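In the text below, chain A, chain B and the rest are named by the order of the sequence lines, each starting its count at 1. Please read all numbers here as calculations on a predicted model, not as lab measurements.
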Amino acid sequence: MTRLLVSRIGQAAVVLLLAFTASFLLLQALPGDAILIKYQNPEMGLTPEQIAEIRVLYGADAPIWAQYGNTLWNFLQGSFGYSVQAGVPVNALLATNLPPTLRLASLGLVFAVLIAGVLAFAATLAPFAWLRNLLQSLPALMISVPVFWLGIMLIQIFSFRLRLVPIINPSEFQALILPVATLALPIAAPLAQILIRSLDEVQTQPFVSVARAKGASRPWVLWHHVLRNALLPVLTIAGVLFGELLAGAVVTETVFGINGLGRVTEQAVSYQDTAVLQAIVILAAVGFVLINLVVDLVAPLIDARLKNPVGASA
Amino acid sequence: MSNLDLFTTRRPELGLSKLRQLDVTLVLSWAVVAIAVAWAVAPGLFTPHSGTVGIAGNQLRAPDATHWFGTDEIGRDVLARIIYGAINSLSGAVVAVVVGFIGGTSLGLIAGSVGGRLDTIIMRIVDVLLSVPGLLFQLSLIIILGFGTVNVAIAVGTTTVAGFARLMRSEVIRVRRADYVEAAFGSGGRFGAVLWRHVLPNSLGTVIAFAALQFGSAILAISTLGFLGYGAPPPTPEWGLLIAEGRNYLTTAWWMTTFPGVIVILIVLATNRISQSLRRTP
């Protein structure tokens, strides 16, 4: 078990180092120099010598391997460099913009899990075959809807037609309803799809028939026996869902005009502020790798059959 | 690549009675895709209106008999703009899928057939590609490639390389163990020849179904990037951009945002359904 742990952590570290290297080469080493874009602007009236000085200040004149080493060392210490466009450390940008995004994303996740759970149970337990089919095909529809369009439609329907959610001076709660729904529905779709399939598969196993034969009702068996076994496939996509959640937040924040990581990302792309984008990309990669690491380590606790990954299964 | 995870978990087989009923949706799906392709090839056949030039005095008309989907803020027919926009979105999706397909299947083929250290290296690269959310990865590429339809398509395609590579590798490994491949090697087939003659054709089936699925996701991704303003510049009728433009007229012209979105959904649903059917036929 310890050896497995060490090797998994090692693999995760290698993936992160490679991700850092790739993003560094892509975003810092290639042309498209943010410093030049900002300071070459004729309105600033800077001489080439002054621009060269600024480049020295940002460390952009050092040889590429030295820049790589420096940037890596700083990242490891939790310092993500300077945003050339905003003129502040990237850390400061993240500190002000991360909390609203985290709140949106975590609320989105909670609702996505609730929606997926309710949908999956309803699709499995619904009384008529046509109703079950209808509910089972719902996630496929939800997965095909563009996130930004969904957000606009929700504003259209609930704010402009039904006037349920005010646009001007909404309370904090009112301001969050539509963005959270926009984010949650597309995340709930793949979750529900996997959960429905997984429930279907587990239901055919002998232990379910045994529990039923002992007189347990169907919902009871689903809740106590099937769900626990059906959760494992859902856990395996947790890392992917984290990525979807982050990407969804970027789009949702743009649609609803929320200041957060999404807005920062969008502006970083527009102004070629590569340091900011690299910091966000690396944070996303760290999140993805950590979640997958935790899932790998937690999976054997949920399913004892996974405790001996080598040997027994073959 | 959440769709790869969904893709590899197979659905239980459906009974015969359901198959007949499902064929209707399959036929409809092919029809939707055929119409979209026809729009891209010959937009002039489907609408008498212009996709880029508006008519003065015709602004923000609600849908009626002449303008089925209404008109926009400078009097352009919304349906005409959707029809003329098909070429942008569809060709972008084709470029994206081709980039992902060629890049991914070659990586997967090499990893699965050569094995050993090369396999480890390639799969580690794939892990790195998968560790960054698709949208952020696409934005990183766009920031260096620049804005525009082709760059957006390339960025979207590169994101799908990892999914294609993983799927192709697992298919190659499955096929490689088959008796006829062993026999081909045993009877003196050269490595490259066996790969080309036996392994590649037999592993492609599932990958092609995955390509159909990716086509739908590519349309979604391209419209998202178009909405964010990184795709084609404004006068071009790109679907994501149409929705972005309609945002300013939500109170007065619901048709400007609603219809382009519905068209995107229909096409993505259709390609997903087709992908599903391709996967089921052996």
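With hydrogens and angles ignored, the 3.5 Å screen pairs a side-chain donor or acceptor of Trp239(B) with a backbone N or O of Ile82(B). Judged purely by atom type and a 3.5 angstrom limit, Thr271(B) has no side-chain atom pairing as donor or acceptor with the backbone of Phe215(B).
Per-residue heavy-atom pair counts under 4.5 Å with chain B were compared for Ile280(A), Leu277(A), Leu150(A), and the maximum is reached by Leu277(A). The residue among Val145(A), Val251(A), Ile196(A) with the most heavy atom pairs within less than 4.5 Å of chain B is Val145(A). The greatest number of non-hydrogen atom pairs below 4.5 Å with chain A, out of Ala221(B), Gly229(B), Ser223(B), Gly216(B), is found for Ser223(B). Chain B forms the most heavy-atom pairs under 4.5 Å with one residue out of Val255(A), Leu245(A), Ile282(A), Thr265(A), and that residue is Val255(A). When each of Leu141(B), Thr224(B), Ile125(B), Val132(B) is checked for heavy-atom pairs under 4.5 Å with chain A, Thr224(B) comes out on top. Between chain B and the residues Leu141(A), Ile155(A), Leu246(A), the largest count of heavy-atom pairs under 4.5 Å involves Leu141(A).
Looking at Val269(A), the atoms closer than 4.5 Å to chain B (heavy atoms on both sides) sit in the backbone and in the side chain alike. For a residue to count as touching a neighbouring chain, one of its non-hydrogen atoms must lie under 4.5 Å from one of that chain's; by this rule Phe147(B) touches chain A with the side chain only. Contacts of Ser198(A) with chain B are absent, with no heavy-atom separation under 4.5 Å from either backbone or side chain.
When side chains are defined from C-beta on, Tyr230(B) does not count as touching Gln138(B), because their heavy atoms never get closer than 4.5 Å. Looking at heavy atoms from C-beta onward, Leu26(B) lies in side-chain contact with Arg273(B) at the 4.5 angstrom threshold. Side-chain contact between Phe137(B) and Leu129(B) is present, with heavy atoms from C-beta onward closer than 4.5 Å.
Between Trp255(B) and Pro260(B), the shortest heavy-atom contact is O-CD, 3.9 Å.
A salt bridge links Asp127(B) to Arg124(B): one of the charged nitrogens lies within less than 4.0 Å of a carboxylate oxygen.
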